[in-house]
Protein chains: 2
Amino acid sequence: MPEVLFDRKEQINEIAQNLFRTNGYAATSMRDLAKEVGIEPASLYSHVKSKEALLQKICFRIADEFFDALQKILKKELSAQEKLSKAINAHVSVILNNLDATTVFFHEWKHLSKPSLSEFKSLRNKYEKQFRSIIESGIESGEFDDVDAHVSIKLLFAMMNSIYEWYNPKGKLKQKDIVENIVETFIYGVVSSEN
Amino acid sequence: MPEVLFDRKEQINEIAQNLFRTNGYAATSMRDLAKEVGIEPASLYSHVKSKEALLQKICFRIADEFFDALQKILKKELSAQEKLSKAINAHVSVILNNLDATTVFFHEWKHLSKPSLSEFKSLRNKYEKQFRSIIESGIESGEFDDVDAHVSIKLLFAMMNSIYEWYNPKGKLKQKDIVENIVETFIYGVVSSEN
DNA sequence: CCTACCGATCGGTAGG
DNA sequence: CCTACCGATCGGTAGG
């Protein structure tokens with residue numbers, strides 16, 4: 001009888017995501033990880049090349065997820081406003097479906113070392129540029145005010161990428177509610193339309 | 001002749017802020033710090049009780065600065081909209097005037113240990129509550145839409161507290177520009193008023 | 001502010 | 001996947 005009840009490698013990755021999120025990458029030791037997994041520290045190295053390899057895997061997998069989600073939306077023929085709403089929804093989905101991993105992605109990438117680090121940064125810039133193009137085309141078409149797109153995209157990312165700080169998966173708020181709040185705030189603001 | 005050309009303790013604090021920001025608290029060793037300061041590692045302990053004492057000092061000093069800035073505004077008799085603008089300006093000022101320290105404040109507080117940690121959290125909650133009260137009174141008076149104040153304040157904090165990630169002190173953007181962008185985005189949104 | 005040093009812990013390897 | 005272990009580095013102290 002096959003005893004592949006679970007994939008140890010995957011288990012290690014998931015526990016690492018959780019520990020890196022909770023305690024930070026630098027403050028998490030391979031011994032902490034081994035203990036949570038339930039094996040001896042040295043045994044981790046049968047499944048994992050190094051501590052940093054764990055971090056790399058998290059960071060680049062999440063980068064892929066963000067890209068894949070965005071590409072599908074960029075292809076569509078939509079107004080800038082609709083495209084932006086859908087892109088926000090897609091981005092927030094990736095976050096909510098990968099809370100541990102995205103938190104590590106946002107916080108711990110600076111601990112990547114040389115070749116990975118610059119690759120990571122360039123992926124991030126590329127993604128931001130693609131996202132920003134939605135805002136820029138909205139400005140061009142007159143749908144949006146003539147805002148500073150470089151600053152606006154930073155503010156939008158800030159709202160989306162800080163969700164992990166306050167979102168409670170067991171709370172009443174659903175993904176739809178969060179997306180609506182961000183879209184409403186970013187696109188229309190909080191001021192009463194009667195004023 | 002007095003040789004107090006500078007305060008060593010203050011110098012240590014400032015370099016610690018910078019290192020904690022750049023490399024993170026856990027990944028910064030007292031030896032790194034000593035090297036930057038230009039003394040032997042053991043000599044740090046003539047000026048500093050422990051590594052964590054350095055972190056505590058940063059976190060609680062910044063908490064104080066945020067509180068002081070906000071109290072002055074809460075006292076004033078202003079519309080919710082004006083009060084909110086001024087509070088945003090005050091909060092952003094603290095950040096821009098303390099970029100290293102506020103970055104550490106936002107990122108590294110989780111490395112505080114037991115009694116400090118809960119004190120820190122309760123200060124944060126208290127500050128958020130005070131800030132949120134501005135939005136709540138704006139909703140009550142009809143100045144603002146009937147938004148979810150708990151979510152709105154998280155989105156507003158996200159925009160303000162992520163500034164350190166992209167702000168370049170040597171760039172063209174002035175504090176006034178950043179505040180305007182945040183106020184405009186949060187209060188009015190990016191959508192063209194003609195639509 | 002320094003020399004000398006402590007016990008603890010780190011990421012990782014050898015060899016089975 | 002384990003036992004046994006490596007050299008490096010950690011925060012911090014004693015004593016001057």
Side-chain angles (χ1 to χ4, degrees), chain A residues 1-59 104 108-117, chain B residues 1-59 104 108-117:
Chain A
M1 61 188 176
E3 47 168 67
V4 186
L5 297 172
F6 66 99
D7 184 337
R8 171 100 332 154
K9 204 164 182 174
E10 201 175 316
Q11 184 204 17
I12 292 171
N13 283 328
E14 266 168 38
I15 294 177
Q17 284 172 15
N18 186 260
L19 288 176
F20 290 170
R21 176 190 182 174
T22 308
N23 307 322
Y25 174 76
T28 301
S29 70
M30 293 300 267
R31 281 158 178 84
D32 295 335
L33 177 55
K35 200 172 186 180
E36 287 290 311
V37 174
I39 59 178
E40 291 302 311
S43 305
L44 286 172
Y45 294 90
S46 307
H47 305 98
V48 165
K49 217 190 74 191
S50 66
K51 188 184 173 187
E52 196 184 319
L54 285 165
L55 180 61
Q56 282 176 24
K57 186 152 187 176
I58 297 168
C59 290
V104 174
E108 310 295 337
W109 59 267
K110 69 180 167 189
H111 294 111
L112 291 170
S113 55
K114 235 14 188 346
S116 308
L117 182 61
Chain B
M1 62 186 179
E3 46 169 65
V4 185
L5 298 170
F6 65 100
D7 185 337
R8 172 102 325 156
K9 204 163 181 174
E10 201 175 316
Q11 183 204 18
I12 292 172
N13 282 327
E14 266 167 36
I15 294 177
Q17 284 172 16
N18 186 260
L19 288 176
F20 290 170
R21 176 189 182 173
T22 308
N23 307 322
Y25 174 75
T28 301
S29 70
M30 293 300 268
R31 281 158 178 85
D32 295 335
L33 177 55
K35 200 172 187 179
E36 287 290 311
V37 173
I39 60 178
E40 291 302 311
S43 305
L44 287 172
Y45 293 90
S46 307
H47 305 97
V48 164
K49 216 190 74 189
S50 67
K51 188 183 173 187
E52 197 184 318
L54 286 165
L55 181 61
Q56 282 177 23
K57 186 153 188 175
I58 296 168
C59 290
V104 174
E108 310 295 338
W109 59 266
K110 70 180 166 189
H111 293 111
L112 291 170
S113 53
K114 238 3 186 357
S116 308
L117 182 60

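A note on names: the letters A, B, ... follow the listed sequences, proteins ahead of strands, and every chain is numbered from 1. What you see below is based on every heavy atom in this structure, not just the backbone, and it leaves out hydrogens, waters and symmetry mates. Computed from a predicted model, the values in this text were never measured in an experiment.
Backbone-only contact: B/S29 has heavy atoms under 4.0 Å from sugar-phosphate atoms and none from a base.
Across all strands shown, D/dG7 is found opposite C/dC10 as a Watson-Crick or G-U wobble partner, with both distances under 3.5 Å. D/dG15 and C/dC2 make up a base pair, with Watson-Crick or G-U wobble contacts both under 3.5 Å.
Side-chain N/O atoms of A/S46 include none lying less than 4.0 angstrom from OP1 or OP2 on D/dC1.
A donor-acceptor pair is defined here as one N or O able to donate and one able to accept, closer than 3.5 Å; such a pair exists between the side chain of A/Y25 and the backbone of A/E52. When atom types are taken as modelled, the side chain of A/K51 and the backbone of A/T28 share a donor-acceptor pair closer than 3.5 angstrom.
Straight-line distance from the CE atom of A/M30 to the C1' atom of D/dC5: 17 Å, rounded to whole Å. Distance CG (B/L33) to C1' (D/dT9): 16 Å, rounded to an integer number of Å.
Summarising the local packing, NZ of B/K110 is surrounded by more than 12 heavy atoms from other residues, nucleotides or ligands at distances under 6.0 Å.
The listed nucleotides are C/dT13, C/dC1, D/dC1; the one nearest the side chain of A/A42 is C/dT13. Distances from the side chain of A/R31 to the nucleotides C/dC10, D/dT3, D/dG11 place C/dC10 closest. For B/E40, counting side-chain heavy atoms from C-beta on, the closest listed nucleotide (D/dC2, C/dT3, C/dG12) is C/dT3.
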